[in-house]
Amino acid sequence: MKTETRAPGRALTIKVLRHNPADPDSQPQWASFELEEYEGMTLFIALNEIRDRFAPDLQYDFVCRAGICGSCGMVVNGRPGLACRTLTSTLPAEITLAPLPLFKLIGDLSVDTGEWMRGMSERLETWVHEQTTPDIHALEERMEPELAEEIYELDRCIECGCCIAACGTARMREDFVGAVGLNKIARFRLDPRDQRTDADFYQVIGDDNGVFGCMSLLGCHDVCPKDLPLQTQIAFIRRKMVTVS
Amino acid sequence: MKNSLLPARLDLAQSITGLVLAVFMAFHLIFDSSILLGAGAFDFVSGALEGKLIFGEKIPLITTAVVLVVFAIFIAHAGLAMRKFPQNARQYRTFRTHMKEMRHGDTSLWWLQIWTGFAMFFLASVHLYIIMTQPQTIGPAGSAYRIVFEWKWPLYLLLTVAVVLHAAVGLYRLAVKWGWFEGKDPNRRRKTLKKAVWIVTAVYLTMSLAALGAFVHIGLTGQDHFGTVVEGLGS
């Protein structure tokens, strides 16, 4: 009986930017790890292997392992992306991994996107604004399936932070709400339950930290792991906000 | 506190002034390049633009008036665009590092726009001022004299490269900024638009630099590249 042997894969060198801000003696430094690649290997799998074999204290986040939770966002060879959705076969043999910039660093590749996202959500009031208190015993008002689909399309955002890390504007001007914020406004603008008008939306994004700060570099659109139509949505919101003026 | 309507108006004004200038340049460079058809063609085009076909003679004041308006739009556009420039060393350094790491086309294109725009603050201002104050010198002989003997060719060489790149990239960026020409597949359309940017850039650069070469030829030899003697050179 034949036994299947795995063909030797590429020798990967994975460099991880390591730093523990909780340790006063810690200095940011690159740590290098050698791995053998195999078919179907993702960065998430590679990181697990590094932690198992070389660095048990390596910090990185993951929950779903399927590009749904948005926890494993990191900068891969200079570009933000999700570790669980990135096959090592799509990368050169030398891979650098760094934490997403702009977010609070927890340690190594782990960042707190939640704090930033919460601040943005509170600032933009990203929730349904109704003028009357909804009757929780009554059936919700019906919505056309096409409209529900449109809203759902934008609601697929997983707040991974990749669009913020890829945005030249956000990197220069840290108060910029970024594509994630503008996409949320586009989503609530579509929602018939949200009774805010464009003039109301202008109050939260009608400035240089909002839609008019966007320089259309489209890094957000090009790295979004969920392939959200950010280019189209930001342009649409810009047109709408200009008509308010 | 209520958000001011000013950011929206400034954003729109930046786009409109940029669009007007890009369209103006598209025609300007074509008119300039009429020199490639010979000194007579350029003389006809410059004369027509100065009202010769209507008034029977060139009215240089028309050029002065047009340049004055273009100069004003140019200054407005520069002022509006400067709002987006990196404002301090930290922002400059952060963006540059980000761009190098990302290796992302559109991010790099913006940087190119920043630098070509910055260069034009000086290059275009010199050109506009000269043309505004000496419109009577426009013609195959006068322009060639200015380019060769008044040493404007290095300025025009740099200005041509800067303005063509800035305008072509600017038009692309305007399209993605406002969502023009997105069609049913915005990603594919964006790729097409980007291709168009490079085609337009190549065509305009070739045409405009050849035109500059034609003026240099006239300045150095006293005749155009068809052998027609150009009168009045050095006057």
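In this text, all values refer to a predicted model and were calculated from it rather than measured experimentally. So you know, we letter chains A, B, ... as the sequences are listed, proteins then strands, and number each from 1.
The heavy-atom pair separating A:A235 from B:G179 by the smallest distance is CB-N, 3.5 Å. Considering every non-hydrogen atom in both A:Y202 and B:A8, the closest pair reads OH-CB, 3.4 Å. Considering all non-hydrogen atoms of both residues, B:P7 and A:D208 come closest at CB-OD1, 4.2 Å. The minimum heavy-atom distance between B:K84 and A:R173, with the atom names listed, is O-NH2, 3.2 Å.
Counting only N and O atoms by type, the side chains of A:H221 and B:N187 include a donor and acceptor under 3.5 Å apart.
Taking chain B as the reference chain and counting heavy-atom pairs below 4.5 Å, the highest number among A:R238, A:R171, A:R79, A:R239 is found for A:R238. Options B:L6, B:T94, B:N88 differ in how many heavy-atom pairs under 4.5 Å they form with chain A, and the most are formed by B:T94.
Residue contact with chain B, scored on non-hydrogen atoms closer than 4.5 Å, is absent for A:Q233. For a residue to count as touching a neighbouring chain, one of its non-hydrogen atoms must lie under 4.5 Å from one of that chain's; by this rule B:S4 touches chain A with the backbone only. A:A165 touches chain B through its backbone: at least one of N, CA, C or O sits under 4.5 Å from a heavy atom, while the side chain does not. When heavy atoms are compared at a cutoff of 4.5 Å, A:V211 does not approach chain B at all. Interface remark: B:D106 contributes backbone and side-chain atoms alike to the contact with chain A (heavy atom separation under 4.5 Å).
Atom CE of A:M172 sits about 13.5 Å away from atom CZ of B:R93, to the nearest 0.5 Å. Note that CZ of A:F201 is 14.0 Å distant from CG of B:N3, once rounded to the nearest 0.5 Å. B:W178 contributes atom CH2, which lies 9.0 Å from atom OG of A:S216 (distance to the nearest 0.5 angstrom). Note that the CZ atom of A:F212 and the CD atom of B:Q14 stand 12.0 Å from one another [nearest 0.5 Å]. To the nearest 0.5 Å, the span separating NZ on B:K177 from CG on A:L218 amounts to 12.0 Å. Taking CG from A:L217 and CE from B:M99, the interatomic distance works out to 11.0 Å, rounded to the nearest 0.5 Å.
When the shell of 6.0 Å around CZ of B:F121 is examined, it contains more than 12 heavy atoms from other residues, nucleotides or ligands.
Put simply, the side chain of B:H98 does not reach to within 4.5 Å of the side chain of A:C167, judged on heavy atoms.
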